Amino acid sequence: MLEVRNISANKADYILALKKRNFEAESIFEEILKLDEKRRSTQKQLDEIFAESNKLSKEIGILFKSGEVEKANAMKAKTANLKSDSKALSESMDQVSVDLQNMLYQVPNVPHESVLAGQDESDNEEIFAEGDIPKLSEKALPHWELAKKYDLIDFELGNKITGAGFPVYKGKGAKLQRALIAYFLDKNTEAGYSEVQVPLLVNEASGYGTGQLPDKEGQMYHVGNDDLYLIPTAEVPITNIYRDDLLNEKDLPIQLTGFTPCFRREAGSYGAHVRGLNRLHQFDKVELVNIVKPEDSYQVLDDMVSHVKTLLQELKLPYRILRLCGGDLGFTSALTFDFEVFSTAQDRWLEISSVSNFETFQANRLKIRYKDADKKKHLVHTLNGSSLALPRVLAGILENYQTDDGIRIPEVLVPYTGFEWIK
RNA sequence: GGAGAAAUGGCAGAGUGGUCGAAUGCGGCAGUCUUGAAAACUGUUGAGGGUCACACCUCCGGGGGUUCGAAUCCCUCUUUCUCCGCCA
């Protein structure tokens with residue numbers, strides 16, 4: 001959520017920047033500023049009425065104490081109007097606040113200056129690529145065939161237990177996934193992140209805080225009996241740890257990493273491009289969350305990108321980094337880099353990480369602030385990124401590391417798997 | 001799941017209808033003293049809105065109500081604790 005005072009101060013710049021994501025902000029900004037004006041003036045009137053009635057009440061109290069009951073009762077009569085006025089004003093105040101809030105919820109984050117205008121993912125810019133794409137034998141298979149051949153993942157069994165998109169990992173497939181989780185968490189903690197284990201179900205307030213609600217409600221599984229949501233990413237519970245907190249400058253930066261399963265309804269996506277591990281309803285992911293001072297956030301974003309690069313370099317997977325264009329940028333993000341690994345047997349790129357700076361957009365909703373040395377309060381900047389999304393890394397490893405004799409395990413994972421080959 | 005108790009500032013803990021945004025203690029910050037530190041003493045110390053700055057307004061778990069006036073009374077929700085039951 002953007003801050004009203006920033007909208008007011010940077011209106012023209014914001015309108016221009018939001019055009020890059022094809023969002024026409026002009027008229028909604030007008031309405032927002034108008035509503036904010038109304039909110040302030042209503043608040044002012046309300047305050048005056050409260051001040052008046054507080055004063056009268058005090059006087060009545062004093063009169064009662066000194067036994068001047070007649071005078072006190074006479075004074076009581078004066079408060080009747082104030083009461084009805086204040087009731088009407090508070091109602092209109094509530095309405096204005098709700099309207100303003102709803103209006104603000106509709107506006108996406110302002111893209112960073114480096115973000116290019118664009119329609120969709122085809123306009124994303126590739127800014128970096130690394131790693132050799134292996135030359136596979138003619139017998140090379142896509143990962144879902146490999147999973148079957150070596151009995152690593154059973155998609156049909158998942159259908160039976162739950163439904164499509166809930167695979168069962170088996171044997172070395174399960175072990176390889178566990179190895180990746182442990183490897184990623186170890187690398188993250190070595191890089192200074194603290195590991196957390198968080199709830200997989202979150203309440204509505206948390207969903208609103210990180211921006212999944214109200215705009216992505218249909219993407220999350222909702223547990224109706226208890227009005228809770230299954231998390232679509234660890235970002236939600238981890239960032240919400242600090243919801244409504246006033247931090248000290250010395251507490252920053254806060255760097256957290258956590259492994260969780262993620263649940264996404266992915267309503268409306270079917271077909272060949274979602275085969276195998278490409279898109280699931282439940283998948284594992286290791287996440288990075290940074291809560292930092294505003295002036296540090298772009299350095300931290302760079303650090304996160306470098307860190308994720310290291311993981312892919314060590315796994316020796318061919319990957320590229322894209323800077324998302326305005327049209328593909330997430331609602332809450334100011335700047336996002338996507339990492340994609342090349343899935344050789346499918347001959348396509350698979351997104352395995354998305355690293356974003358939300359600046360104050362989430363912090364404003366979440367009310368995460370910090371006090372600086374002069375005791376001034378500022379909103380923090382929040383960032384997050386995957387390190388990494390497991391199934392697609394798994395797909396990349398299976399496909400890129402396959403040989404006619406079996407699948408080799410990347411060297412850095414062998415200490416975690418305890419085996420070098422899947423045969 | 002059943003029975004009871006509770007929820008107040010960073011923490012502990014007073015406060016049961018009227019100058020209470022809230023005693024007191026601890027902690028924090030600033031100062032005095034000291035070569036320095038500790039101790040002692042003095043002052044200061046919640047959040048949000050509003051203002052050039054004051055004034056002023058809101059907030060005592062959340063929501064609603066009674067009242068001229070609510071931390072205090074009523075309703076409701078949530079959470080915590082104790083006892084019982086169940087249980088990885």
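Reminder, nothing fancy here: chain letters follow the sequence lines and each chain counts from 1. The structure displayed is predicted, hence computed values, not measured ones.
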* **Spacing of F50(A) atom CZ relative to C68(B) atom C1', expressed in whole Å** => 14 Å

So which protein N/O to nucleotides 73-79 of chain B N/O distances come out below 3.5 Å?
none

* Asked: Are side-chain heavy atoms of R264(A) and T233(A) found at a separation under 4.5 Å?
  -> yes

* Taking the side chain of K83(A) as its heavy atoms from C-beta onward, which of C57(B), C68(B), A47(B) lies nearest to it? -> C68(B)

* Integer angstrom distance from the C1' of G63(B) to that of A14(B) -> 27 Å

* May I ask you to establish whether K175(A) and F419(A) are in a cation-pi arrangement, using a distance under 6.0 Å from NZ or CZ to the six-membered ring centre and at most 45° from the ring axis? => no

* What is the pairing partner of U42(B), taking Watson-Crick or G-U wobble pairs with both distances under 3.5 Å in any strand? -> A30(B)

* **Within-4.5 Å side-chain heavy-atom neighbours: L277(A) and Y169(A)** => yes

* **Salt bridge present between K371(A) and E249(A) (N-O < 4.0 angstrom)** => no

* **K367(A) side-chain N/O to G48(B) phosphate OP1/OP2 under 4.0 Å** => no

* To do: Answer with base, sugar-phosphate or nothing: what part of the nucleic acid does K44(A) contact at a heavy-atom distance below 4.0 Å?
  => nothing

* Asked: Across the strands shown, which category fits K55(A) at heavy-atom distances under 4.0 angstrom: base, sugar-phosphate, nothing?
  -> nothing

* Asked: K58(A) has a side chain; which of C68(B), U58(B), U19(B) sits nearest to it?
  -> U19(B)

* **A7(B) pairs with, by Watson-Crick or G-U criteria that keep both distances under 3.5 Å** => U78(B)

* To do: Sticking with atom C1', work out how far C57(B) lies from U66(B), rounded to a whole angstrom.
  => 23 Å

* Asked: Looking only at atom P, what distance separates G62(B) and A7(B), rounded to whole Å?
  -> 13 Å

* Sort out the partner of G1(B) for me: Watson-Crick or G-U wobble, both distances under 3.5 Å, none otherwise. => C84(B)

* Considering only the P atoms, how many Å lie between A22(B) and G18(B), rounded to the nearest integer? -> 16 Å

* Asked: So, are E399(A) and R348(A) salt-bridged, with charged N and O less than 4.0 Å apart?
  -> no

* Quick one: label S57(A) by what it contacts on the DNA or RNA (base, sugar-phosphate, nothing), any heavy atom closer than 4.0 Å. => base

* Proximity to the side chain of I62(A) - top-ranked nucleotide from U19(B), U58(B), G18(B) -> U19(B)

* Would a 4.5 Å heavy-atom cut-off, applied to side chains only, mark V115(A) and L335(A) as touching? -> yes

* Asked: According to the Watson-Crick and G-U wobble definitions, with both distances under 3.5 Å, which nucleotide is paired to A23(B)?
  -> none

* **Ion pair K187(A)/E314(A), N-O distance below 4.0 Å** => yes

* R40(A), nearest nucleotide to its side chain (from G50(B), C57(B), U19(B)) -> G50(B)

* So, Q219(A) and Y229(A): side-chain donor and acceptor under 3.5 Å apart, yes or no? -> no

* To do: Both distances under 3.5 Å, Watson-Crick or G-U wobble: report the partner of A47(B), or none.
  => U58(B)

* Asked: Of R39(A) and K76(A), whose nearest nucleotide on RNA chain B comes first from the 5' end?
  -> R39(A)

* **R369(A) side-chain proximity, nearest of G48(B), G49(B), C68(B)** => G48(B)

* Structure fact -> Closest of C57(B), G49(B), A47(B) to the K377(A) side chain is A47(B)

* Asked: L56(A) near the nucleic acid: base, sugar-phosphate alone, or nothing, with a heavy-atom cut-off under 4.0 Å?
  -> nothing

* To do: Take atom P in A70(B) and the same atom in A3(B), then report the distance between them in whole Å.
  => 33 Å

* Would you indicate what N54(A) reaches in the nucleic acid, counting non-hydrogen atoms under 4.0 angstrom: base, sugar-phosphate, or nothing? => sugar-phosphate

* Asked: Can you tell me how far P in U76(B) sits from the matching atom in G2(B), rounded to whole Å?
  -> 15 Å

